[in-house]
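Worksheet for the structure shown next.
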Amino acid sequence: MKNLILILSVLLSVNSFAHKFYISIADMEYKASKKSIDVTLKVTAHDFELILNRKFNTEIHLEEVADTSEVGMYCQAYLRNNFRVMSNDQKLEQKYIGKEVTNREDLYFYFSFVNVGNPAHIKVVSNLLSSVSDLQQNIVHYKYKNQTKSVTLLPSDNKAEIKFE
Amino acid sequence: MRNFKSLLILTCVLIASSSIAQENYNHNKFKQLKEELATPNVYRTAAGAPGPQYYQQKADYVMNLTLDDAKQTITGEETITYTNNSPDKLEYLWLQLDQNIRKPGSAGQLTRTSNIESLSNPYSLERMFKVLEFEGGFNLTKVTDGSGRPVDYMVVGTMMRINLKTPLSNGDKFTFNVNWWYNINDRMEIGGRSGFEYFEEEDNYLYTIAQFFPRMCVYNDVEGWQNKQFLGNGEFTLPFGDYDVEITVPADHIVAATGQLTNASKILTTDQKSRWEKAKKSDEPVFIVTPDEAAKAEKEKATGTRTWHFEAENVRDFAFASSRKFIWDAQAVEQETKTVMAMSYYPKEGNPLWEKYSTRVTAQTLKTYSKHTFDYPYPVAISVHANYIGMEYPMICFNGGRPNADGTYSERTKYGMHSVIIHEVGHNYFPMIINSDERQWTWMDEGLNTFLQYLTEQEWQRNYPSRRGPAHLIVDYMKGDKDNISPIMTNSESLMQFGNNAYGKPATALNILRETIIGRENFDYAFKTYAMRWMFKHPTPADFFRTMEDASGVDLDWFWRGWFFTNDHCDIALESVQWFQLNTHDPEVEKDWQKKSDDAANKNISGIRNKVDIKRTKNEDLPLLDDKYNTADPYAVSEEDKEAYEDFIASISDDQKSLLGQGYNFYQIDFENKGGLVMPLILRFTFTDNTDEVVRIPAEIWKRNDEQVSKVFFFKKEVDKVELDPFLETADCELEDNFWPRKKVPTRFDIFEEKKGKGNYH
């Protein structure tokens, strides 16, 4: 056990200055007309590519990934598995809309959670990019009826509830 | 007894809460920073300049290095001459051994947190085992004094103490030798700021060697010895000194290093020497080693060795790169006081990006940075291509940005490569020359450097996609939950979100000072003053804060407090706008105004319907019911009205009379500070005739109340709408409450949805 702890820490020590971001920001907003929560998720493109490179064992450039391709479908599955929202103890269905990469190294994913039972009280679970770095912070801003509440999820503390009165 | 108990609990609660909130304490956001900053003294003045007794130590090095390409090791024989310029007696000296962070079980490795997910793929597992197998760290083979006698020393993690026999007094020098070697790490397999990249197909290595020799720590009036352990994030600070370094490498290797090559006549071919002479007069890159020459060396693999000799004056460190794969180009950069060389070394894998951009971008960096600081004082500025990383040393830096194998590259790769070169070359100024303490404060070099990086990018290409600098780009980071954000003034090792905290936010803060708080010309003067004052010296945050304030004449304590010492964000709301006009007391004017506003006012529903439904009223059928009350025109001007007005006019002065006649509109605007950060109010009033006027109010409007303020604005024209922060310069995190009347601001989701066409995903 002692050795395992050492092993884990050594692994991460060497990977930390390749670049210095390790952050995702999800801007979520409840849309009463659609009964859905719209999400704009910003992650560092380079980090996400690292996940894809490891998965497919080849160098992948997000600019060239079509949503309908195998890699594109994997991205969507990754989002479904690693960014979940619950309402009334029900896991909400995630509908993918699209993605966009900018020259500033930002990768945006757009998706919605639909059929939201109780938008005033949700639970968010995020494991986004925690396989890249233990320093990853996943920030969630949730706007409901003109109020915004925020939480920060970490690999060691990956869920939070957001409740509006 | 029961009552007593609850009283006791109550008392405890009260004490606890008052000690946290410190209710009777001065929490004013404009309180000066006397408690946060060190008291000025003879070493550092209250104006932020070096004081009359400012001192710094000196460390000179003579080194003989051998790079073993077969075993990937480096061996050094090193002689250090240390000069004690401090008034203090030193009983011991400290050196840093940064390579020891790669020793198995180092504190840097042990103190990293981790989670099991990061092992959930074969790549990470493989990498982990390679890290464990690697035998890194210094092997010290000899430590002796100037006359060859062993010196007593002790290694403490990444630090090493020399126990002096006789203390070193002011003005004394101590010369000693350290011999060492270590295994060079494979950067591609286990990472690192330095190391090698192996090109398997052709069996060649590319070495980028740094933090590679035992280096003297800084001793000064602020820290004593800066001997805080190297844990991986807080980089370093080192005393200035002169270096004389001989590097022995395989005979066909090309070496790039800190300093000037002093034996070029022995090393370069005749052709290369004449190209070098040509480059010295060219403002465009010229090949010194051509792609053909590099391709030949790559294949032929010469045997034997060759020694390159470099000398560098007044630098705080030394690094080098070596490979037979290197293509080398150079150009002259003319400055007011001296002409210097911008140069690049890269393997063919960097092309076509590198031959086209690297040296030119390096030259642009020197031009922009020098304009804002001082002329680049060193003879060369070198950009070396090393895949994936960006890391800086004096005169030389290692930069990523590699095209695809077929030579194509994405826009993102291009701008990523440009930005990293600008950034790392820029580090020559901060912290190599303006030698701040990185082990303590990452932002002092990264933040200031990222700020000038932004200015350089914008001078390089119009609308360059800079990641950091403009105020609105930091909003995502600053808004919302504060649990996992640390203030900028946090030690390098404890920072959360390194990139945003130490690079993005301080760079943005400086840009806001330049654009909004101080103004471009005045800011540039103060910033240059800081650079000139601390060139080749060791500044602290207080020296920077004080100089910027003292030279610009703008009180910035509130700004440093808010942006550097707290996590507050800017969210100012335009809560309400009320419109007033002056009562002229003139019945002709006022009655007419009354009629117009009554006509314009909404009527109640019964009144509207009755007008149609009730065809005739009794009174209308029977005029004899009329008297003066229901027939008089309420808007007519009576004799009494006129007399009252005459009395009023007689009672006021001529100036007051003319003011009444000018028809001003008055607007009281209430502002609410929701984010905590006090910032200037920038307002754009658009009038009904579609013209506009911008009003800029300094942050001091919040000086008594930092939560709510009101202010009256007046114009001859009528205001149609008001916008707060119309030029996105204060990093306001919520834009929807910046408009009157309220306006819906499209979110990125809306924008994307619109682009895709509505509804096609249901």
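Order of the sequence lines sets the chain letters (A, B, ...), proteins ahead of strands, with each chain counted from 1.
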Could you go through the salt bridge (charged side-chain N to carboxylate O under 4.0 Å, His left out) check for A:K143 and B:E736 one step at a time?
CA-CA 12 Å; A:K143 188 169 183 180; B:E736 281 192 359; 3.3 Å; yes
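For A:D27, the part lying near chain B is the side chain, with the backbone staying farther off; criterion is any non-hydrogen pair under 4.5 Å. Residue A:Q137 touches chain B through its side chain alone, counting heavy-atom pairs closer than 4.5 Å. Both the backbone and the side chain of A:T152 come within contact range of chain B, with heavy atoms under 4.5 Å apart. No part of A:N53 comes within reach of chain B, as not one of its non-hydrogen atoms sits under 4.5 angstrom from that chain. In this structure, no portion of A:K55 lies under 4.5 Å from any heavy atom of chain B. Residue contact with chain A, scored on non-hydrogen atoms closer than 4.5 Å, is absent for B:N501. Interface remark: A:L154 contributes side-chain atoms only to the contact with chain B (heavy atom separation under 4.5 Å). Only the backbone of A:V39 comes within less than 4.5 Å of a heavy atom of chain B; no side-chain atom from C-beta onward does. For a residue to count as touching a neighbouring chain, one of its non-hydrogen atoms must lie under 4.5 Å from one of that chain's; by this rule B:K479 touches chain A with backbone and side chain alike. B:I485 does not touch chain A: none of its heavy atoms, backbone or side chain, sits under 4.5 Å away. Neither the backbone nor the side chain of B:D483 comes within contact range of chain A; no heavy atoms are under 4.5 Å apart. Using a 4.5 Å cut-off between heavy atoms, B:T747 contacts chain A through its side chain alone, with no backbone atom that close.
Between B:Y393 and B:F398, the two ring planes are tilted [angle within 30° to 60°]. Classified by interplanar angle (parallel below 30°, tilted 30° to 60°, perpendicular above 60°), the ring pair A:F164/A:Y144 is tilted.
Ring to ring, A:Y108 and B:F752 are not that close: their centroids are 6.0 angstrom or more apart. Between B:Y503 and B:H423, the ring center distance clears the sub-6.0 Å criterion. A centroid separation of less than 6.0 Å is found between the aromatic rings of A:Y74 and A:F56. The aromatic ring centres of B:F498 and A:Y22 sit 6.0 Å or more apart.
In this structure, A:K99 fails the cation-pi test against A:Y110, since its NZ or CZ atom is not both closer than 6.0 Å to the six-membered ring centre and inside 45 degrees of the ring normal.
Highest contact tally toward chain A, considering only B:E734, B:E411, B:R748, B:R187, is held by B:R748 [criterion: heavy-atom pairs under 4.5 Å]. Of all the listed residues (B:S419, B:S466, B:S106), the one sharing the greatest number of non-hydrogen pairs under 4.5 Å with chain A is B:S466. When each of A:S131, A:P155, A:S156 is scored by its heavy-atom pairs under 4.5 Å with chain B, the top score falls to A:S131. Top candidate by heavy-atom pairs under 4.5 Å with chain B, chosen from A:E29, A:E49, A:K149, A:Q136, is A:E49. Ranked by heavy-atom pairs under 4.5 Å with chain A, the first of B:K130, B:M496, B:K414, B:R468 is B:R468.
In this structure, A:L52 CG and A:D47 CG are separated by 11.0 Å, a value rounded to the nearest 0.5 Å. How far CG of B:N387 is from CG of B:N399: 11.5 Å, rounded to the nearest 0.5 Å.
Formation of a donor-acceptor pair under 3.5 Å by the A:D67 side chain with backbone atoms of A:G98 is not found in this model.
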